[in-house]
Every structure is written in structure tokens, then in C-alpha cells.
A.B. asks: 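Structure in C-alpha cells, see below.
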Number of protein chains: 2
Amino acid sequence: MTRAERSDAARNRAAVLAAADELFATVPEPARLSMDDVAAAAGVGKGTLFRAFGNRAGLLQALWQRRYEPLRYAIESGPPPLGPETDPRQRIAAILDAILVVKLDNRHLTLAVEERSGGTSLYEQPQYQLVHQLLCDLVRAAGGGGDSELLAHLLLAAVRADLLNHLASRRGISRRRLRAALASAVDLVLEAADASPPSD
Amino acid sequence: MTRAERSDAARNRAAVLAAADELFATVPEPARLSMDDVAAAAGVGKGTLFRAFGNRAGLLQALWQRRYEPLRYAIESGPPPLGPETDPRQRIAAILDAILVVKLDNRHLTLAVEERSGGTSLYEQPQYQLVHQLLCDLVRAAGGGGDSELLAHLLLAAVRADLLNHLASRRGISRRRLRAALASAVDLVLEAADASPPSD
DNA sequence: TTGCCAACCGGGCTGTCGGTCCGGATCGCA
DNA sequence: TGCGATCCGGACCGACAGCCCGGTTGGCAA
């Protein structure tokens with residue numbers, strides 16, 4: 001049984017989240033943003049920061065979760081095209097498009113979140129595994145005859161933060177073009193998967 | 001004009017390459033392999049190591065280049081299916097398959113190479129840009145009607161080192177299954193791109 | 001063979017950063 | 001108002017990339 005958080009702890013936690021959010025939005029290179037920076041910006045000691053979030057990854061997870069929460073909810077129990085009542089193929093496209101947009105809107109943060117740090121890679125994060133599992137099911141439901149598990153990984157590889165960041169920030173490719181290309185690619189893969197029946 | 005390397009420098013350079021190759025092949029977590037470790041294993045001072053390769057990224061590049069060289073040569077001027085005389089669509093498949101295999105055979109090394117370190121991401125490496133450019137051209141030549149530049153990025157995203165490492169090492173997925181899934185995915189994308197004529 | 005100097009060697013040193021620690025302050029309940 | 005559990009904060013630690021510089025060595029010229 002975890003006891004309720006003391007009021008000062010809650011206050012500090014909120015201050016850290018706010019300051020970190022602000023920092024990640026403005027800083028040019030998220031990897032260069034140190035925990036000391038965050039603590040200083042939040043007007044809080046480093047110890048406080050680490051007690052509240054465990055480690056850097058924990059802080060990043062907390063930040064990302066707040067950003068991702070609305071989308072997660074929309075996918076789990078919202079109306080079409082994200083919600084469960086949608087045709088699988090359209091839902092896959094809608095979900096990937098939504099993820100693309102959220103990641104673009106939070107480039108630096110997602111970049112930091114997906115950064116390999118410690119021993120944990122992107123693929124071990126529960127966030128990733130959840131989406132992957134969902135996509136797996138949807139691909140199967142959409143009649144994909146191939147290796148749905150790996151295909152789901154490939155779909156998600158298309159919206160990796162560093163790729164998006166490179167294309168959008170470094171190369172200056174417009175959001176519209178990115179969305180169009182992703183939609184087209186997804187469409188092609190699923191369309192074709194549907195056209196060719198399972199071989200065994 | 002760069003002067004020729006002194007013989008002791010060449011010897012040390014070779015010792016470092018050999019030792020590092022060995023280390024990256026055996027170590028479980030390449031990110032944990034420090035420059036001190038490499039220097040010690042090579043029986044060389046750290047200063048020597050940094051003078052020879054500039055920084056960690058330089059060492060990794062040198063190691064990777066040696067591994068990648070044969071493939072690069074085969075692609076640039078070898079016989080089919082990798083060489084220039086191949087039908088574009090088959091060549092794309094062959095190149096991606098070959099890259100997949102090389103990366104699987106040098107998991108830890110490629111993992112370290114593609115690790116984002118300093119300010120440079122995978123997408124800024126000349127190695128990547130070369131392959132990307134080639135794939136671009138091939139996709140166009142294969143009659144892809146869509147955004148060939150972005151499509152080439154998506155194809156390469158399918159063989160990212162951390163994805164492969166996760167699937168092969170962590171999840172224990174067989175090489176055969178990986179190759180089959182990749183081939184199938186590539187085929188689907190190109191097949192479909194070919195079937196649907198350019199929209200504008 | 002010898003002398004000379006530029007190139008090279010090596011490992012100690014620095015700066016940075018994630019993470020820990022613990023004495024002191026604070027909260028909240030009785 | 002008293003008291004203990006909880007929390008605060010910044011000094012501290014270990015790890016690591018990269019720099020520095022006094023000492024050494026290779027290789028050319030005389």
C-alpha cells in the first residue's frame with residue numbers, strides 16, 4: 001500500500017514537470033539537457049527530482065505520458081477513426097497518423113524518450129509494446145497474410161522520433177508531406193497484404 | 001598534403017582495430033564498452049587511441065567500414081543481384097537483404113555505430129546518405145509513383161540496428177524469419193507502388 | 001653511423017553528468 | 001504543541017569522453 005504523497009512533494013513534482021516540459025520544448029538538443037538543468041529550472045534540488053522520478057528515463061516517461069494520454073484514450077475508447085469501432089485498415093492508418101502528429105508536435109521530448117539510455121531500448125518500453133500489440137491484432141484483423149508481428153514493427157519504425165526529427169527539423173520537410181507519405185506507405189502495405197492471400 | 005603515417009602509428013592503429021573488433025564481438029552491451037577498455041585491450045594508451053581515430057564515433061566508423069566494405073563494393077560494381085546490372089526492384093530487395101544480414105552478423109558493432117552520440121544521428125552519417133540516395137534512385141527507376149525519398153527512408157528504417165538487435169537477440173527471432181518478413185514487406189511496397197500509377 | 005626533430009606515445013587530468021547520501025527542514029496528525 | 005515519518009537539497013561519487021604534455025622513438029640527412 002503506497003501512502004499518499006505529501007503536499008510539498010506533490011508541489012515539487014508538478015513544478016518539475018512544468019519546468020521540464022518548458023525546457024524540452026525550447027532547448028535545441030534534448031540530449032544536452034541535464035538533470036541539473038531541470039532541477040535548477042524547477043527551483044528544486046537534484047535529490048528531489050530523482051526521488052520523484054527515479055531516474056532520467058522515469059522523468060521522460062512521465063512527461064511523455066502526459067502528452068500521449070489523450071491519444072491513448074482516443075484509441076482505447078474514442079469514436080472513429082481512432083476508436084475500436086473502426087475498420088481495422090483505416091484504424092491502423094489513423095493511429096499511425098495520429099502518432100506521427102503527436103511526435104512531430106513534441107519532437108524534442110520524443111527524441112529524448114526514444115534515446116537509448118542505460119540498457120533499455122525503445123522496444124522494451126511498455127508504451128511501445130502496447131501499441132505494437134494493438135497493431136499486431138489490427139494487421140491480422142485486416143487480413144494481412146504475412147508476418148503480422150514483424151509487420152507491426154516495421155509500421156512503427158516509420159514513425160521513429162529520430163527519423164521524424166531529421167526529416168522535419170533538419171531537412172525541413174513539411175508535415176503535410178510526411179503525413180501523405182506515411183499514409184501512402186501504410187496504404188500500400190495493407191492493400192497489397194490484403195490482395196495476396198496467406199501462402200500457408 | 002597529409003604525410004604518411006609512421007610505422008609505430010600504423011602498428012598501433014591495427015592493434016586497436018583488432019582489439020576493438022574482438023571486444024565488440026564478445027561484449028554483451030556495446031554502449032558499456034569504454035574507450036579505456038579498448039585502449040587497455042589493445043595494449044595502447046588512451047591518447048594513442050584518440051589521436052588515431054579522433055573520437056569514439058571515428059573508431060566505430062573505422063570498424064564498421066571494414067565490415068561494410070565488401071558489401072559496398074558488391075553493390076557498386078559487383079555482379080547481380082547486388083550489382084548495377086540488376087532490375088531495380090530486385091536490386092532493392094537484394095541490397096536490403098544483404099544489409100540485414102551484415103547487421104545481424106555484427107549486431108553489437110552496428111548497434112554502437114547507430115547509437116546517437118554527440119550531436120550526430122544515424123541520418124547524418126555519410127554511409128547512410130549514400131545508401132539512401134541509391135535507394136531513392138532505384139525506387140524511382142522501379143516506377144514507384146509515391147514519395148521516393150521518404151519511401152527510401154522507410155525501407156532503411158526496417159533494418160535499423162536496434163530493431164534487428166531486439167528481434168534477434170532479445171526476442172530470439174530467427175534470421176530466416178527476419179529475412180522472409182523483410183523480403184515480403186519490400187515486395188509488397190514495391191509491387192503496390194508499381195500497380196498504382198503516379199497520381200500527378 | 002650518428003644526430004636531430006617532428007611525430008608519436010601514454011596515462012594523468014579535467015569537465016560533465018547520472019545517480020546516491022544524509023543531516024536538517026517540513027508536513028500533518030493527535 | 002509535540003513528534004515521527006516524509007521530504008528537501010546540494011555535496012559527493014563513479015564513470016566516461018576527450019585533452020595535455022613531458023618523455024620517447026622513428027626515420028631522414030649528413
Side-chain angles (χ1 to χ4, degrees), chain A residues 1-20 23-24 27-63 108 111-121, chain B residues 1-20 23-24 27-63 111-113 115-121:
Chain A
M1 193 63 192
T2 67
R3 298 182 55 82
E5 191 174 42
R6 234 170 65 174
S7 68
D8 50 350
R11 193 166 46 240
N12 281 329
R13 179 186 190 81
V16 166
L17 284 175
L23 280 182
F24 274 108
V27 91
E29 184 63 53
R32 292 214 167 275
L33 191 62
S34 74
M35 296 296 271
D36 298 74
D37 293 338
V38 174
V44 145
K46 207 169 25 155
T48 305
L49 200 162
F50 276 92
R51 196 170 328 94
F53 298 98
N55 53 28
R56 185 184 168 91
L59 171 61
L60 291 171
Q61 280 298 324
L63 289 168
H108 297 153
L111 204 52
V113 168
E114 294 189 11
E115 201 114 332
R116 163 182 283 265
S117 65
T120 44
S121 81
Chain B
M1 196 63 193
T2 67
R3 298 181 57 80
E5 192 175 40
R6 234 169 66 175
S7 68
D8 51 350
R11 195 167 44 242
N12 281 328
R13 180 187 189 80
V16 167
L17 284 175
L23 279 183
F24 273 108
V27 89
E29 183 64 55
R32 291 213 168 274
L33 191 62
S34 75
M35 295 298 269
D36 298 72
D37 294 338
V38 174
V44 143
K46 207 174 14 163
T48 304
L49 199 160
F50 276 93
R51 196 172 326 93
F53 299 97
N55 52 31
R56 184 184 170 93
L59 171 61
L60 292 171
Q61 279 298 321
L63 289 167
L111 204 53
V113 168
E115 201 115 333
R116 164 181 283 265
S117 66
T120 44
S121 80

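Note on naming: letters A, B, ... go to the chains in the order of the sequence lines (proteins, then strands), and numbering restarts at 1 for each one.
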A.B. asks: Counting just side-chain N and O atoms, does A:Asn12 come under 4.0 Å of either OP1 or OP2 of D:dC7?
C.D. replies: no
A.B. asks: Taking only residues at least two apart or on different chains, which pairs with a member in residues 31-54 of chain B satisfy salt bridge (charged side-chain N to carboxylate O under 4.0 Å, His left out)?
C.D. replies: B:Asp36-B:Lys46
A.B. asks: Who passes side chain to side chain contact (heavy atoms under 4.5 Å, CB included) against B:Ala40, sequence neighbours left out?
C.D. replies: none
A.B. asks: Restricting to salt bridge (charged side-chain N to carboxylate O under 4.0 Å, His left out), what partner residues turn up for A:Arg6, sequence neighbours left out?
C.D. replies: A:Asp8
A.B. asks: On DNA chain D, compare the nucleotides closest to A:Arg13 and B:Asp37; which residue's is nearer the 5' end?
C.D. replies: A:Arg13
A.B. asks: Could I get the full list of side chain to side chain donor-acceptor pair (under 3.5 Å) partners for B:Asn55, not counting sequence neighbours?
C.D. replies: none
A.B. asks: Closest to the B:Val44 side chain: D:dG9, C:dC9, C:dG10?
C.D. replies: C:dG10
A.B. asks: Is the shortest heavy-atom distance from the side chain of B:Arg116 to the side chain of A:Leu111 under 4.5 Å?
C.D. replies: yes
A.B. asks: Give the rounded distance in Å between these two atoms: CG of B:Leu49 and C1' of C:dG12.
C.D. replies: 16 Å
A.B. asks: For A:Ala62, what residues pass the side chain to side chain contact (heavy atoms under 4.5 Å, CB included) criterion, not counting sequence neighbours?
C.D. replies: A:Leu17, A:Phe53
A.B. asks: Distance check needed: C:dC17 P versus A:Leu59 CG, whole Å only.
C.D. replies: 16 Å
A.B. asks: In the 5'-to-3' direction, what one-character label does each nucleotide of nucleotides 18-30 of chain C receive under the scheme B = base within less than 4.0 Å of a protein heavy atom, S = sugar-phosphate only, - = no such atom?
C.D. replies: BBBB----BSS--
